[in-house]
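Step one of this worksheet: look at the structure below.
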Amino acid sequence: MNFIITETQQAILELYKEEVAESVINIQETRKEFEGQATIVVFPITKISKKSPEQTATEIGEYLVAHVEDITKFNVVKGFLNLSIAESYFLKQFNEEVLAPDFGLYPSNGKKVMVEYSSPNTNKPLHLGHVRNNLLGYSVSELLKAYGYDVVKVNLVNDRGIHICKSMLAWQEWGNGETPENTGLKGDKLVGNYYVLFEKKLKEEVSNIFENVIVKNDYDIFFNSKDKESIISKIIKYKELELKKGTLNFNADKNSLEDFGFRAEIFVEEATDGNKLWKNVSKCFDEIEYAHFSDKQKEKNKRDIDYFLKPFIDLEEAILKLKEDITDEIKSQTFLMKKAQQMLLKWEQGDEEVVSLWKTMNEWVYAGFNITYKNLGVDFDKFYYESNTYLLGKGTVDEGLAKGVFFKKEDGSVWIDLTADGLDQKLVLRADGTSVYITQDLGTAEMKHDDFNMDESIYVVGNEQDYHFKVLFLILEKLGKSWAKGLYHLSYGMVDLPNGKMKSREGTVVDADELIESMVTTAREKTEELGKTNDFPQEDKDELYKNIGLGALKYFLLKVEPKKRLLFNPAESIDFQGNTGPFIQYTHARIKSLLAKANYELTATKPAEILPVELEMMLLLAKYPGEIAIAAKAYSPASLANYLYELAKLFNKFYHEVPHILKMEEGAEKQFRLNLCKKTADIIYAGMLILGITSPERM
RNA sequence: GCCUCGGUAGCUCAGUUGGAUAGAGCAACGGUUUUCUAAACCGUGGGUCAGGGGUUCGAAUCCCUUCCGGGGUACCA
């Protein structure tokens with residue numbers, strides 16, 4: 001409907017003798033409660049017309065109806081000019097554009113984009129957080145393909161480092177020769193178990209030492225510590241504060257405490273006994289309902305309580321912080337950590353035994369990951385491994401020093417000063433010449449560009465790394481890399497559980513494989529409850545349940561804007577009704593069944609009459625290519641997902657409103673309706689594939 | 001402390017470059033099937049768009065500020 005803009009510009013030129021930019025003409029869809037399909041917001045034009053909004057709208061409306069064939073009527077509501085467009089215009093568009101075989105397909109734009117996603121660590125199985133990453137990365141790749149890009153999907157596997165050594169060491173120590181084969185465990189699960197075991201044993205060792213240090217004043221463990229004095233003074237301070245905590249009494253005004261009722265006193269008792277953190281006591285007070293108080297009174301009580309609690313909370317925080325510092329130092333001095341460090345060193349030196357174990361265990365993990373990837377339906381064109389890239393970037397550091405972008409401190413460490421850009425000073429190379437995280441990312445970025453010479457590069461990584469990528473891209477820009485401006489961090493929010501984030505320590509991690517399996521099971525149960533697949537062969541059933549289960553999961557994760565964190569409640573299964581994947585899949589299957597029965601063939605027709613719902617459908621279908629463009633430009637499948645839902649919803653309305661299509665007389669009306677059905681199915685199918693979801697023919 | 005991202009119905013989420021009376025789904029309640037798949041459709045109730053101030057003809061959207069939550073914060077990756 002771009003013609004409306006140019007025609008309106010013309011109208012303004014004729015009426016008010018002024019040329020205006022396109023941006024002045026603000027066109028939107030007419031709201032359902034008014035007549036028309038397109039609405040011009042005339043407020044900005046009143047500055048030119050020097051007339052009231054109503055008068056301006058009327059004048060432009062009159063001009064457009066008189067001069068533009070496809071604009072048949074207009075009405076004015078306040079400053080809004082609602083235009084009725086001729087049905088013939090939409091029908092022509094539908095017949096010539098929407099029904100064309102290449103509708104919604106973008107030709108190659110000649111640009112290459114790399115999408116890096118997944119990037120797992122090889123010490124743990126994939127969990128829900130990875131699932132969001134994988135689905136997002138895959139979908140964005142498909143989206144950009146659909147928009148005309150040449151896409152390279154890349155997985156940069158973090159297969160080396162101390163965390164891998166932890167699994168290896170634990171397996172060596174306590175593994176008894178377990179393998180995926182002799183245990184029947186998936187390789188990634190087996191290796192993950194040993195990582196967890198290492199952390200458990202480490203924790204035991206640390207807490208033993210901590211007891212020793214505190215009770216027996218045995219500081220030998222810190223003999224090799226870099227900053228021995230500081231750590232010992234922290235221990236002394238810690239003991240002091242612990243003593244102080246024992247003598248600090250809760251002196252809150254008994255009256256104000258009583259106002260909160262007996263529960264409040266219990267909270268305080270619990271905290272005094274050390275069974276509850278003081279900072280949680282404050283939160284507990286928030287939860288008490290005291291309906292008989294006025295808001296003012298509540299606020300005052302809250303202030304009073306917080307005032308009394310503050311010394312306790314402050315003391316508690318100081319103690320916890322000290323304890324953390326001390327245990328961190330102890331950790332680095334433990335037997336287990338030292339052994340793991342030694343192993344890492346051996347790995348770096350290419351020690352045969354260590355490297356061979358590393359290879360074996362990584363193979364186990366890859367075999368496990370491949371199963372998960374296959375079940376998720378994601379794939380990659382190229383794998384990079386950090387074991388090959390971790391030494392990269394030192395050349396870039398030299399380059400930066402030569403160009404004067406980096407500087408060297410007295411101790412020999414290399415830095416970049418980004419304070420002028422509102423960031424900090426950032427270390428890029430340690431004094432001993434070893435890399436930090438960003439060193440290798442600098443080098444890897446360069447290598448990836450050398451390998452593929454892409455125009456754009458997208459990193460699908462969680463938002464906890466926003467700062468890292470900001471710095472990374474800025475450094476590359478300052479180094480004068482022409483391709484740096486094509487780098488983009490597709491940052492997404494964490495997946496939260498009802499009680500906060502997933503914590504492996506608390507066993508609340510939602511395992512990817514288990515999640516997929518439970519979705520498929522739920523799909524089976526729901527489908528069989530409906531009795532829809534009784535006549536399906538077993539093979540088809542299995543495939544269908546997988547499609548529906550994964551359809552529900554993928555749609556659930558992708559319909560939410562990437563940057564927003566999203567909430568997943570494992571206790572409630574993901575819905576299959578309403579705004580869900582299965583609803584859209586169902587709509588597709590419904591249409592496919594209809595078309596099969598109708599012996600449908602695509603031909604353009606001109607029906608004598610078009611119903612409002614049919615007009616709505618033509619409009620919505622025509623929007624598809626634009627929706628691809630919007631989603632691709634925003635690197636966000638979410639808007640596409642919502643469009644597909646709108647389309648499915650509208651189709652179901654249409655399906656209920658029109659008389660039974662199959663029973664209609666052969667002719668233009670029937671053909672037209674079937675055309676609408678066919679294109680709806682096509683778009684749902686294509687769009688859902690971009691989301692990584694297969695729409696079944698029957699369900 | 002500083003930086004950053006969020007806060008929209010009981011719950012999960014939409015809401016375009018600022019545009020009309022802020023929309024869906026779930027949950028609740030009521031209705032629709034002799035007829036193309038009821039995983040559907042139609043209806044009812046439900047809102048201080050976190051609070052306050054500002055810019056504007058017009059603010060959920062832009063600016064300032066406060067509160068709440070997540071994340072980051074110089075040698076972990």
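In what follows, every chain begins at residue 1, and chains take the letters A, B, ... in the order their sequences are listed.
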For [N], which nucleotide is its Watson-Crick or G-U wobble mate, given both distances must be under 3.5 Å?
| N | value |
| --- | --- |
| B:U56 | none |
| B:U73 | B:G1 |
| B:U32 | B:A40 |
| B:C67 | B:G7 |
| B:U61 | none |
| B:A22 | none |

Whole-Å distance between [N] [atom2] and [X] [atom1]?
| X | N | atom1 | atom2 | answer |
| --- | --- | --- | --- | --- |
| A:N569 | B:C13 | CG | P | 11 Å |
| A:L550 | B:A39 | CG | P | 21 Å |
| A:L81 | B:C57 | CG | P | 22 Å |

Dump every N/O contact between nucleotides 71-77 of chain B and the protein below 3.5 Å, one line per pair.
| residue | atom | partner | partner atom | Å |
| --- | --- | --- | --- | --- |
| B:G71 | OP1 | A:K501 | NZ | 3.0 |
| B:A74 | N3 | A:Q425 | O | 3.2 |
| B:C75 | O2' | A:R430 | NE | 2.0 |
| B:C75 | O2' | A:R430 | NH2 | 3.3 |
| B:A77 | OP2 | A:Y437 | N | 3.3 |
| B:A77 | O3' | A:E386 | OE1 | 3.4 |
| B:A77 | O2' | A:N158 | ND2 | 3.1 |

Answer with yes or no whether the side chains of [Y] and [X] bring together a donor and an acceptor at under 3.5 Å.
| X | Y | value |
| --- | --- | --- |
| A:Q671 | A:N675 | yes |
| A:E561 | A:S636 | yes |
| A:N652 | A:R590 | yes |
| A:T122 | A:N362 | yes |

Qualifying residues under side-chain hydrogen bond (donor to acceptor under 3.5 Å, both in side chains), relative to [X], sequence neighbours excluded:
| X | result |
| --- | --- |
| A:N133 | A:Y492 |
| A:N121 | A:N158 |
| A:T580 | none |

Next item on the list: Could you say whether A:L567 or A:L423 is positioned toward the 5' end of RNA chain B, judged by the nucleotide with the nearest heavy atom to each?
Entry: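 Residue closer to the 5' terminus by nearest nucleotide: A:L423.
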Margin query: At a heavy-atom distance below 4.0 Å, what parts of residues 554-564 of chain A sit against RNA chain B?
Written below: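 Nucleic-acid contacts, sorted: A:V560, A:E561, A:K563, A:K564.
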ring-ring contact (aromatic ring centres under 6.0 Å, His included) involving [X] - partner list, sequence neighbours excluded:
| X | result |
| --- | --- |
| A:F80 | A:F43 |
| A:H489 | A:F469 |
| A:W347 | A:W358, A:Y390 |
| A:Y117 | A:F380 |

Margin query: Counting only side-chain heavy atoms from C-beta out, which of B:G25, B:U4, B:A40 sits nearest to A:F583?
Written below: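 For A:F583, the side-chain atoms sit closest to B:A40.
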Pairs under 3.5 Å (N/O, protein and nucleotides 16-22 of chain B):
| residue | atom | partner | partner atom | Å |
| --- | --- | --- | --- | --- |
| B:G19 | O2' | A:Q28 | NE2 | 3.4 |
| B:A20 | OP2 | A:R31 | NH1 | 3.3 |
| B:A20 | N6 | A:T39 | OG1 | 3.0 |
| B:A20 | N6 | A:N82 | OD1 | 3.1 |
| B:A20 | N1 | A:N82 | OD1 | 3.4 |
| B:U21 | OP1 | A:K78 | NZ | 3.2 |

Notebook entry, point to check: So what does A:T527 hit on the nucleic acid, given a heavy-atom distance under 4.0 Å: a base, only sugar-phosphate, or nothing?
Noted result: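 Base contact - A:T527 has a heavy atom under 4.0 Å of at least one base atom.
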Note to self: Can you confirm if the aromatic rings of A:Y586 and A:F583 lie within a centre distance of less than 6.0 Å?
What the structure shows: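 No, too far apart.
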Margin query: Could you check whether A:Y545 and A:F536 have their ring centres less than 6.0 Å apart?
Written below: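 No, they do not, as the ring centres are separated by 6.0 Å or more.
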Checklist line | side chain to side chain contact (heavy atoms under 4.5 Å, CB included) against A:R430, all qualifying residues, sequence neighbours excluded | finding: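 Counting only residues at least two positions away or on another chain, A:R430 forms a side chain to side chain contact (heavy atoms under 4.5 Å, CB included) with A:L427, A:D432, A:T434, A:V436.
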Item checked: Sugar-phosphate or base contact per nucleotide [nucleotides 31-37 of chain B; S, B, -; heavy atom under 4.0 Å] -> ----BBB
Notebook entry, point to check: Can you tell me how far P in B:A74 sits from the matching atom in B:U17, rounded to whole Å?
Noted result: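 About 36 Å, rounded to a whole number of Å.
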